[in-house]
Engineer: 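The structure that follows is given in the form of structure tokens.
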Amino acid sequence: MYNEIDLDQIDLYAGPPIEEPARQYYFMAKCREQVREFEKKNGRRPCFFTQTFGCQMNARDSEKLCGILETAGYVPAENEEADFVIYNTCTVRENANNKVYGRLGYLHKLKQKNPAMQIALCGCMMQEQKVVEKLKKSYRFVDLIFGTHNIYKFAELLAQMNESDKMVADVWQETDQIVEELPSGRMFPFKSGVNIMFGCNNFCSYCIVPYVRGRERSREPKDILREIERLAADGVTEIMLLGQNVNSYGKTLETPVTFAKLLQEVEKIDGIRRIRFMTSHPKDLSDELIDVMKHSSKVCHHLHLPLQSGSSRILQAMNRHYNKEAYLELADKVRKAVPGIAITTDIIVGFPGETEEDFLETMDVVKKVKFESAFTFIYSKRTGTPAAEMENQVPQETVKDRFDRLLKEVQAIASQKAEELTGTLQTVLIESVNDHDASMVTGKMDNNSVVHLPGTPDMIGTYVTVRLEECKGFYYYGKTAD
Ligand code: 5AD
Ligand code: SF4
């Protein structure tokens with residue numbers, strides 16, 4: 001998209017416009033001037049490196065940052081030994097924060113060797129006041145800090161950072177703005193994430209996301225569809241619709257639209273072969289959506305449906321608005337309506353007050369639903385959430401023991417389920433050369449399972465029919481079938 005922008009038309013002497021996105025284009029043009037100055041001085045253009053922590057939303061945000069940097073003339077670097085390093089952070093669990101602090105130590109050393117290096121931190125962790133205070137006090141070598149609400153202002157902040165020798169920090173508490181038509185890079189030429197909404201209104205009692213991503217805001221369907229049409233015209237065939245709770249998409253729009261309706265519109269776009277979405281909240285998963293999934297030839301046979309706990313008592317304390325029976329019923333309904341669908345989930349172990357009986361309820365759901373795959377997490381106390389104030393935090397050894405038991409069960413079931421497909425023919429979208437063996441390629445099935453097969457780089461981005469020869473637990477070895 002950014003190829004269409006003519007930054008040369010922008011008069012930098014005129015001053016920045018007030019309205020968006022024109023304002024950001026002005027600052028992209030300004031950054032490009034700064035890049036030219038850098039080039040005159042150094043005989044090369046500045047290079048940048050972005051590191052994403054956390055979820056698909058953050059990965060998509062990082063692509064937007066890359067798009068702006070490349071529009072301004074920055075070139076991508078392989079690693080942190082770059083002129084400009086950005087960490088797009090996550091704060092969903094405490095260890096996500098710890099990882100960033102650890103990596104900052106490394107960046108500090110690099111900056112001591114190369115004082116001209118610039119460092120930016122953005123994303124969810126920056127929305128926490130105590131984090132920014134700590135950075136301002138003890139990490140003065142950081143050049144730019146911004147949050148999730150003003151990421152659309154990145155070009156402006158970049159220009160400001162380039163002109164300042166002090167730390168620039170700009171973090172907003174909230175926004176109701178969605179700025180469309182900004183450039184975006186893409187990690188893969190053949191697939192892309194597409195934000196359909198931002199923020200979350202659910203306030204699950206353990207979760208910090210609603211505090212750092214703000215209230216739920218949906219993009220207008222026409223903007224989403226236009227973005228996907230452009231992606232399709234550019235060769236993208238698989239899209240992943242992104243939101244914290246896609247099932248409540250469209251409720252706050254002036255003309256409300258359901259997620260199921262949006263999916264039907266996306267389905268009509270020529271060139272798109274696969275549609276994925278993430279994440280669904282069980283409380284909002286409608287029959288209408290199940291019906292669309294059932295009849296669609298493009299919506300993938302994969303549903304990520306976070307369970308969090310199998311205990312109705314704990315689910316209530318988590319503020320999840322469903323109980324064990326409702327979840328089981330829903331999973332059953334989905335499996336019946338869409339045969340062959342893979343249901344994956346997120347589970348938290350050790351929520352405050354979780355007893356052995358509660359934990360066994362979770363194990364029971366795992367055994368009954370037979371998830372194709374599950375992300376299991378140890379409960380992490382997040383300051384500011386209601387759960388952090390709850391008594392009966394579960395002792396660490398107990399949590400660790402439950403976590404190990406759960407993981408074992410989840411893995412045993414997942415590999416049992418995967419084994420059932422061995423020997424079948426599957427359509428695989430080839431995504432990359434295999435990490436360990438250059439004579440192999442790696443791709444994904446419609447149900448999101450990973451397949452490795454002999455192949456060559458020219459297959460990347462194509463759909464091939466593959467016979468699954470050997471199941472290795474959560475991935476397969478296969479061969480192209482002629
Ligand atoms: N502790 C552990 N896991 C958490 N998640 C969200 N908040 C926490 C927390 N405080 C998990 C949930 C969610 C996933 C993205 O992260 O399972 O679905
Ligand atoms: Fe967090 Fe719950 Fe919102 Fe998911 S739905 S982001 S777990 S508050």
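Atoms within a ligand are numbered from 1 in the order they appear, just like the ligands themselves. For clarity, every value in this text was computed on a predicted model and none was experimentally measured.
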Engineer: Which protein heavy atom lies closest to atom 3 (N) of ligand 1, and at what distance to 0.1 Å?
Structural biologist: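 Protein heavy atom at minimum distance: R93 NH1, 3.4 Å.
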
Engineer: Any chance the side chains of T91 and R382 put a donor and an acceptor closer than 3.5 Å?
Structural biologist: yes

Engineer: Should the ring pair Y322 and Y327 be called parallel, tilted or perpendicular, given that the plane angle runs from 0 to 90° and is split at 30 and 60?
Structural biologist: tilted

Engineer: Using a 6.0 Å cut-off, check whether atom CD of Q396 has over 12 heavy atoms from anything other than its own residue.
Structural biologist: no

Engineer: For atom 6 (C) of ligand 1, find the nearest protein heavy atom and state the residue, atom name and distance (0.1 Å precision).
Structural biologist: V92 CG2, 3.4 Å

Engineer: With a 4.0 Å heavy-atom cut-off (strictly under), which part of R320 contacts ligand 2: side chain, backbone, both or neither?
Structural biologist: side chain

Engineer: May I ask you to identify the nearest protein heavy atom to atom 7 (S) of ligand 2, giving residue, atom name and distance to one decimal place in Å?
Structural biologist: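 Result: Y206 OH, 3.3 Å.
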
Engineer: Can we call the ring centroids of Y139 and Y101 under 6.0 Å apart?
Structural biologist: yes

Engineer: Give the numbers and elements of all ligand 1 atoms closer than 4.0 Å to a heavy atom of R382.
Structural biologist: 10 (N)

Engineer: Quick one: look up the protein heavy atom nearest atom 9 (C) of ligand 1 and list residue, atom name and how far away it is.
Structural biologist: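 So the nearest neighbour among protein heavy atoms is S380 O, 3.6 Å.
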
Engineer: Please work out, at 4.0 Å between heavy atoms, whether the side chain, the backbone, both, or neither of Y206 comes within that distance of ligand 1.
Structural biologist: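 Contact part for Y206 vs ligand 1: both backbone and side chain.
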
Engineer: Could you tell me the residue and atom name of the protein heavy atom closest to atom 2 (C) of ligand 1, and the distance to it rounded to 0.1 Å?
Structural biologist: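 For this ligand atom, the closest protein heavy atom is I378 O, 3.4 Å.
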
Engineer: Enter the distance from E220:CD to L253:CG here, rounded to the nearest 0.5 Å.
Structural biologist: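 Going from CD on E220 over to CG on L253, the span is 5.0 Å.
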
Engineer: Have S184 and E63 got a donor and an acceptor in their side chains that come within less than 3.5 Å?
Structural biologist: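 Absent: no donor and acceptor within the cut-off.
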
Engineer: Please check if atom CG in N98 has more than 12 non-hydrogen atoms from other residues, nucleotides or ligands closer than 6.0 Å.
Structural biologist: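 Yes.
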
Engineer: Near atom 3 (Fe) of ligand 2, which protein N/O/S atoms fall under 2.8 Å?
Structural biologist: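 For atom 3 (Fe) of ligand 2, the protein N, O and S atoms that sit under 2.8 Å away are C200 SG.
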
Engineer: Is there side-chain contact between E361 and S312, with at least one heavy-atom pair below 4.5 Å?
Structural biologist: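 No, every pair of side-chain atoms sits at 4.5 Å or beyond.
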
Engineer: According to the interplanar angle, ranging from 0 to 90°, do the rings of F154 and F84 count as parallel (below 30°), tilted (30 to 60°) or perpendicular (above 60°)?
Structural biologist: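 Rings of F154 and F84: parallel, as their planes differ by under 30°.
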
Engineer: Heavy-atom contacts under 4.0 Å between I208 and ligand 1: side chain, backbone, both, or neither?
Structural biologist: neither

Engineer: Below 4.0 angstrom from a heavy atom of Y379, which ligand 1 atoms are there? Numbered from 1 as shown, please.
Structural biologist: 1 (N), 2 (C)

Engineer: Find out whether the Lys NZ or Arg CZ of R93 is both under 6.0 angstrom from the six-membered ring centre of F377 and within 45° of the ring's axis.
Structural biologist: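 Yes, R93 sits over the ring of F377.
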
Engineer: For F259, what residues pass the ring pair (Phe, Tyr, Trp, His ring centres under 6.0 Å) criterion, not counting sequence neighbours?
Structural biologist: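 Result, ring pair (Phe, Tyr, Trp, His ring centres under 6.0 Å) vs F259: F277.
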
Engineer: So with a 6.0 Å cut-off around CD of Q316, is the heavy-atom count from everything else above 12?
Structural biologist: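 Not more than 12 within 6.0 Å, no.
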
Engineer: How far is atom 14 (C) of ligand 1 from the closest protein heavy atom, and which atom is that?
Structural biologist: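 Going by distance alone, atom 14 (C) of ligand 1 is nearest to D346 OD2, 3.5 Å.
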
Engineer: Could you list which atoms of ligand 1 come closer than 4.0 Å to a heavy atom of I348?
Structural biologist: 3 (N), 4 (C), 5 (N), 12 (C), 17 (O)

Engineer: Which is closest to atom 17 (O) of ligand 1 in terms of heavy atoms, H304, Q308, Q244?
Structural biologist: Q308

Engineer: Apply side-chain contact (heavy atoms from CB on, under 4.5 Å) to residues R320 and Q308 and explain how you reach the verdict.
Structural biologist: CA-CA 9 Å; R320 290 289 288 176; Q308 312 300 5; 3.4 Å; yes

Engineer: If we only consider heavy atoms of V209, is any one of them less than 4.0 Å away from an atom in ligand 1?
Structural biologist: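 No.
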
